[in-house]
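Below: one structure, written as structure tokens.
Every chain is numbered from 1 and lettered A, B, ... according to where its sequence line falls, protein lines coming before strand lines. Owing to the predicted nature of the structure, the values given are computational and were not obtained by experimental measurement.
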There are 2 protein chains.
Amino acid sequence: MAFRSEILIKLDKKGRVLLPAAFRDELPADDRGAFVLYHSPNVPGVVNGNSRLGFDAMLERLRAEALGPKGSLKVALDDEAFDPAGYLSAGARTIAMEPDGRFSMPAEFVEALDVADGVMLVGKVEKFQLWNPARWQARRAAEREKMAAFVRNLSAGDAGGEA
Amino acid sequence: MAFRSEILIKLDKKGRVLLPAAFRDELPADDRGAFVLYHSPNVPGVVNGNSRLGFDAMLERLRAEALGPKGSLKVALDDEAFDPAGYLSAGARTIAMEPDGRFSMPAEFVEALDVADGVMLVGKVEKFQLWNPARWQARRAAEREKMAAFVRNLSAGDAGGEA
DNA sequence: GGCTTTCCCATGGTATCCCATTGTATCCCG
DNA sequence: CGGGATACAATGGGATACCATGGGAAAGCC
């Protein structure tokens, strides 16, 4: 289960989007047919996607780390305390696909992405992202720089480097 | 079974509210048709909702963790001791839905929420919440800040943050 | 008997189902 | 190994079903 590649998919006039086969194949075998979309917690204009299992697992890890072992009761009762899992959940939607792998994109995500006729789907290992195609190009260019710098750093910090 | 998304629902002049299909689908298959509303124990103006099963399970965990193994017997007999589960129960109401998913909102909750023509339904994983739409917007904005801070904290130890 | 609650029907919009088309990748066969 | 046959991925579109909502009428309730 690892999402890879970037794929540009049409957003048709009925608001439908195809989850590419490459991504569908990464959903759990017992839960194809539906997945989760949720707003990025810290980057406006980015929507994340994951399998229901993957999303729920992330929420669980989140609560475990944020609240400790006895957190479950507190989270269930305390409506005042900030609950990161609850926050993500509020910005998430379960998406059911048609048998052919298409789904109708909720208006809130169309707005957030500001897409009109195409969506860029990007694999990020344990999740995937939806981007406005143009914004993704910009982001990608910026990340290329960072990646190059990151690799340079790696070799600089190593003991002796390559032979 | 996990409640997600935020949905604004009309409160019509007859006092009826629709539980959105997205939430109805999360109710236990053998107990659609009814659910539980209860006042938030610590945030005025917030009403929580859950399936009957979910609510009862929470009460049970509450008694188990708050009162220990002998709690149930004590609770049954000791009317002097404070019983948080009993407190919640008193502020709760079982709500029967019409076949189309609508229910008439009890006046006590309308007052508590101070809603006139719309209610915001918010998925919080194992329960959902009802909010006054305006108040929810404010709360949501505040939580966005906290979420961003939370994410920043997480990445503090990582190599190569966003800066 | 006035008022609220419940049942039922109506409607506009959206989503879903199903069928069709095109292009590409895969397979099979000699 | 070429060439056509086949399967599937991505897209378009008509018809239908369902969601959210409004409102009339019947059925309670002091």
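Protein atom CD of Glu98(A) is 16 Å distant from nucleotide atom P of dT14(C), rounded to whole Å. Rounding to whole angstrom units, CE of residue Met105(B) and P of dT5(C) are separated by 13 Å.
Between Tyr38(A) and Phe55(A), the two ring planes are tilted [angle within 30° to 60°].
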Identify all pairs in which a protein N or O lies below 3.5 Å from an N or O of nucleotides 19-22 of chain D, and state each distance.
unit_1, atom_1, unit_2, atom_2, d
dA20(D), OP2, Ala21(B), N, 2.9
dG22(D), N7, Arg102(B), NH1, 3.1
dG22(D), O6, Arg102(B), NH2, 2.8

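One finds a side-chain N or O of Ser104(A) lying less than 4.0 angstrom from the OP1 or OP2 phosphate oxygen of dT16(C).
Side chain Lys14(B) to base dT6(C): a donor-acceptor pair is found below 3.5 Å.
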Show the numbers, then the answer: is there a side-chain contact (heavy atoms from CB on, under 4.5 Å) between Leu27(A) and Leu19(A)? CA-CA 11 Å; Leu27(A) 297 176; Leu19(A) 188 70; 4.2 Å; yes

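In the helix from dG1(C)-dC30(D) to dG30(C)-dC1(D), the end axes, each obtained as the rotation axis mapping the C1' atoms of four pairs onto the next four within a five-pair block, lie 50° apart to the nearest 10 degrees.
Within the 3.5 Å criterion, the main-chain N or O of Arg32(B) finds no donor-acceptor partner in the side chain of Arg24(B).
With rounding to the nearest 0.5 angstrom, the CE atom of Met58(B) is 9.0 Å from the CD atom of Glu126(B).
Electrostatic pairing of Asp79(A) and Lys127(B) counts as a salt bridge here, judged by a charged N lying under 4.0 Å from a carboxylate O. One finds a salt bridge joining Arg4(B) and Asp56(A) here, because a Lys/Arg side-chain nitrogen approaches an Asp/Glu carboxylate oxygen to under 4.0 Å. The pair Arg102(A)-Asp100(A) meets the salt-bridge criterion, since a charged nitrogen lies less than 4.0 angstrom from a carboxylate oxygen.
Here the two rings, on Phe35(B) and Phe23(B), have centers that are 6.0 Å apart or farther.
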